[in-house]
A.B. asks: 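This structure is in structure tokens; I'll ask about it shortly.
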Protein chains: 2
Amino acid sequence: MNKPVQQRTLKTRARLIDAANAVVAEAGFDALRVEQVVAGAGVAKGTFFAHFKDKDALMDLLIGARIDSYLDQIESAPTPRDVDDLIETLMPLLNFMTCERYVFDVILRLSGAAAVEQIGAIAMTFERHAQVVAKWLADGPFRTDVSPELLAEGVHAFSIQAMALKFCALHNSQTLTENLRPYLRAWLMPQPAS
Amino acid sequence: MNKPVQQRTLKTRARLIDAANAVVAEAGFDALRVEQVVAGAGVAKGTFFAHFKDKDALMDLLIGARIDSYLDQIESAPTPRDVDDLIETLMPLLNFMTCERYVFDVILRLSGAAAVEQIGAIAMTFERHAQVVAKWLADGPFRTDVSPELLAEGVHAFSIQAMALKFCALHNSQTLTENLRPYLRAWLMPQPAS
DNA sequence: GCCAATAAGTGACCGCGGTCAATTTTGGAG
DNA sequence: CTCCAAAATTGACCGCGGTCACTTATTGGC
């Protein structure tokens, strides 16, 4: 039984990821060029694509890792007591997801995997996000006529909506928080007329 | 005062759009190549970009026009009496928006204009969509504790969510309609526990 | 009808993501 | 140690969106 993966492979992969992180730190995600990454890692272009299916796969890794670290923070935060509390807890993540237009686009594009066998880091974080939020919503002072899972999916949908508005010239006069609050109030604590 | 736009310009533009529509009819939006469009129109590549800022601008026009025609149908439909009725009325539009993964991506990307002066066709249709739905929701048997405008934005957010799930391997076992129904029931007709 | 001034059109060229046949490196079998 | 098949790497090449200095057509003033 062969050692299935060589040491060299791991080293090259690490060099590519390090180089990519350096480029991102320097110039942001949108400015990342594959040629720059391979130059920084000291390998040929083809090597990059032997390690990553395409540029999106690298972005999935880089962005997914950061989302995951935000989720770590979120998971260790206390259960929010109301909508404002919930929003405040989510804000670091939402701010990261909208730090660049390009980042938001990549996240939307990769948040659903086309096939089960190619679920990426970002798609995983979305599952995790839903679970964390659902657990909160089951405990909190929110509506109980629908399942916490459905509520969490709604929080997700409205977060996407609010983030999209941030990039829209017609609606970006309000902050993300201000956009999100009325949605979540109406979603989580409805007061329908009798 | 000069005639600001020449006849030739309109003719070339029309030829480009015709050629683009022919390509789309033949092979779909995703397969459209600028080189194929200019070949079909009998002009040089540079001419294309004198008429459209980029390929997305052409897509905005083509896709926006189709969305608009679906909105015409929707607008002339009777006010929906319940959630299922609403979904059925919206379905032709939602089906078109998810006819190709590429089309959905373009719509998401162009649904918010980065600057007011460059609001495109798709962004316009989203405004129109919100107005049509808001008018319906004001009349129908739906919750009244929040404004019809906010309700309409929610319908939009959940529609996007349901469409995204259609492209997601983890959640595409249900149809778009089945995904959308529980969201809209919970959003438009909440029954919170007393 | 002629002549600038301006608008429209051209195509060679570039940037960058992605491919692949050829080459080098690796690690275990004999 | 030698050999070799699989794994890793290479870099020339391609596809395609987008640019721009230059050419060609149009139009209003004389």
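Throughout, a chain's letter reflects where its sequence line sits, starting with A, and its residues are numbered from 1.
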A.B. asks: Taking atom P of D:dG18 as reference, at what distance in whole Å does atom CG of B:Leu16 sit?
C.D. replies: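 That distance rounds to 14 Å.
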A.B. asks: Nearest to the side chain of A:Thr9, which nucleotide is it out of D:dA8, D:dT10, C:dC16?
C.D. replies: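 The answer is D:dA8, which lies nearest to the side chain.
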A.B. asks: Can you confirm whether A:Gln174 is buried at CD, in the sense that more than 12 heavy atoms of other residues, nucleotides or ligands lie under 6.0 Å from that atom?
C.D. replies: yes
A.B. asks: Could you state the CG-C1' distance from B:Leu32 to D:dC16, rounded to the nearest angstrom?
C.D. replies: 12 Å
A.B. asks: Quick one: which residue pairs count as a salt bridge (charged side-chain N to carboxylate O under 4.0 Å, His left out) with a foot in residues 179-192 of chain A, not counting sequence neighbours?
C.D. replies: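 Applying salt bridge (charged side-chain N to carboxylate O under 4.0 Å, His left out) to every pair that reaches into residues 179-192 of chain A, excluding sequence neighbours, yields A:Asp84-A:Arg181, A:Asp84-A:Arg185.
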A.B. asks: Taking atom CE of B:Met124 as the centre, does the number of heavy atoms from other residues, nucleotides or ligands within less than 6.0 Å exceed 12?
C.D. replies: no
A.B. asks: Let me know the distance between CG of A:Asp30 and P of C:dG17, rounded to the nearest Å.
C.D. replies: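 Going from A:Asp30 (CG) to C:dG17 (P), I get 11 Å.
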A.B. asks: Within the structure, does a side-chain N or O atom of B:Thr12 lie under 4.0 Å from either OP1 or OP2 of C:dA8?
C.D. replies: no
A.B. asks: For the pair made of CD in B:Gln36 and C1' in D:dG18, what is the distance, rounded to whole Å?
C.D. replies: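 About 18 Å, once rounded to whole Å.
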A.B. asks: Give the residues of residues 46-64 of chain B touching DNA chain D, defined as any heavy atom closer than 4.0 Å, sorted by residue number.
C.D. replies: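 Within this stretch, B:Gly46, B:Phe49, B:Asp54, B:Lys55 sit under 4.0 Å of the strand.
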A.B. asks: Just by distance, do the side chain of A:Asp145 and the backbone of B:Gln191 share a donor-acceptor pair under 3.5 Å?
C.D. replies: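 Looks like yes, one N/O pair under 3.5 Å.
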A.B. asks: Nearest-Å distance, NZ (A:Lys45) to P (C:dC20)?
C.D. replies: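 Computing the A:Lys45:NZ to C:dC20:P distance gives 15 Å.
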A.B. asks: Taking salt bridge (Lys or Arg N to Asp or Glu O under 4.0 Å) as the test, write out the residues that go with A:Arg81, two or more places apart.
C.D. replies: none
A.B. asks: Is the backbone of B:Ala121 close enough, under 3.5 Å, to the side chain of B:Asp60 for a donor and an acceptor to pair up by distance?
C.D. replies: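 Indeed, once roles are kept as given, a pair shorter than 3.5 Å links the two residues.
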A.B. asks: Take the protein atom CD of A:Glu35 and the nucleotide atom C1' of D:dA12, then report the distance between them rounded to whole Å.
C.D. replies: 12 Å
A.B. asks: In terms of the nearest nucleotide of DNA chain D, which residue is placed more toward the 5' end: B:Val34 or A:Gly42?
C.D. replies: A:Gly42
A.B. asks: Kindly state each residue pair satisfying salt bridge (charged side-chain N to carboxylate O under 4.0 Å, His left out) with at least one member in residues 37-59 of chain B, sequence neighbours excluded.
C.D. replies: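 As it turns out, the salt bridge (charged side-chain N to carboxylate O under 4.0 Å, His left out) pairs with a partner in residues 37-59 of chain B, which skip direct neighbours, are B:Glu35-B:Lys45, B:Asp56-B:Arg109.
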A.B. asks: Check whether any side-chain N or O of B:Glu149 sits under 3.5 Å from a backbone N or O of B:Ala134 as a donor-acceptor pair, and report yes or no.
C.D. replies: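 No, B:Glu149 side chain to B:Ala134 backbone: no donor-acceptor pair under 3.5 Å.
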A.B. asks: Taking only residues at least two apart or on different chains, which pairs with a member in residues 10-31 of chain B satisfy salt bridge (charged side-chain N to carboxylate O under 4.0 Å, His left out)?
C.D. replies: none
A.B. asks: Taking any heavy-atom pair under 4.0 Å as a contact, classify A:Leu10: base, sugar-phosphate, or nothing.
C.D. replies: nothing
A.B. asks: Rounded to whole Å, please give me the gap between CZ in A:Phe29 and C1' in C:dG17.
C.D. replies: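 These atoms are roughly 19 Å apart.
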A.B. asks: For nucleotides 24-26 of chain C, give me every protein contact, N/O to N/O, under 3.5 Å, one pair per line with atom names.
C.D. replies:
none

